[in-house]
Amino acid sequence: MSLHHLVPWFIVGFLLMMGARSLAMIPAAALPVLAQTATVLTVLSMAALGLSTDARAVARSGVRIAAVVVLSLLALLGLALALIYLLALV
Amino acid sequence: MIPARLTGALSLIPGLIACVAVALAAVAVQVLEVRLFGRGWIDAIVLAILIGAAIRSVWTPPEVLRSGIEFSARTLLEIAVVLLGASVSAATVMAIGPGLLAGTALVVVLALAISYGIGRLLRLPPRMAVLIACGNAICGNSAIAAVAPVIDAEADDVSAAIAFTAVLGVAVVLLLPLLGVALQMTDVRYGVLAGLTVYAVPQVLAATLPVGAVANQAGTLIKLVRVLMLGPVCLGLAILTAFRRRGDEAVRRRRGPCRCTIWSRGSSSASC
């Protein structure tokens, strides 16, 4: 298990950018440009995601697996909501 | 003679163009929404997924488009995440606080246990249940792919786990904003909710951008904490597997091909 497999490159990149921002190393004028670019790239990649989603093949493969995933998601949702309200976040 | 790098880059263009086309359609619909209803009820990000999926359900994109689409789905989104790091302010990090960070780790552990329990309850094989639990609780395909060799999972199981969790993860991105509105959540709360439940880091982006920058930053930070749990979890599973694997040499031979098949079959995009 190398570090490369455990921590994807873009997460390292994200952390570096976060650090740069905190150290005021990014010019103020650049910030909205970066944000806009991120949005554009996101829309593009969501288009790609849609084009790659073969919903029917997945539906064919197994009701049981789907059930486990859905129930797990619901459980996760429940845990998340519980945490948020327990900590009484702002 | 054209260098391999260039032909590789050129092969991305057809797929990229397809994505641009769908993206433009999504933006067009959003503009139309604002004209007709005064507000963009469904964001371009969501529209892009819906339009893309609708097209996919009636028409399989030809092979020539594939590499461009995969590139857009994965690499472009990863770049977007990196750019996002620049917008995380100190105020957001303060708003998160140590309680929430510890709470997130706890949620991951509990979600792992519960998800595994559900899987075994519905009679899935143990390794499959572990794969799904990791994909859901931690971070998507990377978790599944990283954990698979650790627990000697089979290639078919890995592909199925990835496929299912990915498709349902898209459903979460589409439906979560509705939940946020229904529960009348503040931006920070919604961001945290997204960070805790969404399947992959880039999908947190998609789920929170329509809501706002604060939600976006909060969600991404929380998601990062989940992702960072991958290390400890892998370690724990490796230890558990070591006890199980005594004398099971046949499985070890499968581990090599297992890794290759994951990436050749995996059509889903955002990895972690």
Side-chain angles (χ1 to χ4, degrees), chain A residues 1 5-11 13-22 26 30-31 34-35 37-58 61-62 64-73 75-77 79-84 86-87 89-90, chain B residues 19 22-23 26 44-45 48-49 51-53 56 61 69 72-73 76-88 90 95 99-100 103 107 110-111 114-115 118-119 122 124 132 136 142 146 160 163-165 167-168 170 188-189 192-193 196-197 205-206 209 227 230-231 234 267 269 272:
Chain A
M1 265 187 303
H5 282 126
L6 288 178
V7 185
W9 74 273
F10 59 92
I11 290 186
F14 175 87
L15 292 171
L16 285 174
M17 286 294 252
M18 221 172 90
R21 165 74 183 258
S22 312
I26 303 180
L31 290 175
L34 292 173
T37 312
T39 306
V40 168
L41 291 177
T42 306
V43 177
L44 275 177
S45 82
M46 287 301 110
L49 181 62
L51 285 172
S52 340
T53 302
D54 192 359
R56 279 190 299 185
V58 165
S61 320
R64 244 186 331 162
I65 295 183
V68 171
V69 179
V70 170
L71 289 173
S72 301
L73 266 172
L76 185 58
L77 202 58
L79 285 171
L81 287 171
L83 182 68
I84 291 174
L86 262 173
L87 287 179
L89 280 181
V90 127
Chain B
C19 295
V22 174
I45 287 173
I49 300 180
I51 295 175
R56 177 75 175 83
I69 292 178
S72 302
L76 288 188
L77 204 44
E78 292 171 350
I79 296 175
V81 171
V82 173
L83 293 179
L84 195 65
S87 51
V88 180
L100 190 49
V107 165
L110 287 176
I114 293 177
S115 179
I118 294 174
L122 292 184
L124 283 185
I132 293 179
N136 260 327
S142 281
F164 272 109
T165 45
V167 168
L168 287 166
V170 171
V188 173
R189 286 192 178 196
V192 172
L193 181 67
L196 283 172
T197 54
L205 229 155
L209 262 183
V227 167
L230 183 59
C234 270
S267 63
S269 54
C272 183

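In this text the structure is predicted, and so the values were computed from the model without any measurement. In what follows, chains carry the letters A, B, and so on, assigned in the order in which the sequence lines appear, proteins first and then strands, with residues in each chain numbered from 1.
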Looking at [X] and [Y], what are the two nearest heavy atoms and their distance?
{"X": "B:Ser115", "Y": "A:Ser72", "answer": "OG-OG, 2.8 Å"}
{"X": "A:Ile84", "Y": "B:Arg189", "answer": "CD1-O, 3.6 Å"}
{"X": "B:Ala48", "Y": "A:Val43", "answer": "CB-O, 3.7 Å"}
{"X": "B:Ala23", "Y": "A:Ala47", "answer": "N-CB, 4.1 Å"}
{"X": "A:Val68", "Y": "B:Ile132", "answer": "CG1-CG2, 4.1 Å"}
{"X": "B:Leu193", "Y": "A:Ala80", "answer": "CD1-CB, 3.8 Å"}

Listed partners of A:Leu16 passing side chain to side chain contact (heavy atoms under 4.5 Å, CB included), at least two apart: A:Val12
Any residue meeting side chain to side chain contact (heavy atoms under 4.5 Å, CB included) with B:Leu110, in chain and number order, not counting sequence neighbours: A:Leu79, B:Leu106
Selection from A:Val70, A:Leu81, A:Leu31, A:Leu44 maximising heavy-atom pairs under 4.5 Å formed with chain B: A:Leu44
Atom group of A:Ala20 that falls short of 4.5 Å from chain B, counting heavy atoms: neither
Chain B contact via A:Leu76 - which portion, at a heavy-atom distance below 4.5 Å: both
Between CD1 on residue B:Ile79 and OG1 on residue A:Thr37, distance to nearest 0.5 Å: 10.5 Å
Side-chain heavy-atom pair B:Leu100, A:Leu83 within 4.5 angstrom cut-off: yes
Flag side-chain contact, heavy atom, 4.5 Å: A:Leu71 against B:Ile114: no
Part of B:Leu209 lying under 4.5 Å from any heavy atom of chain A: side chain
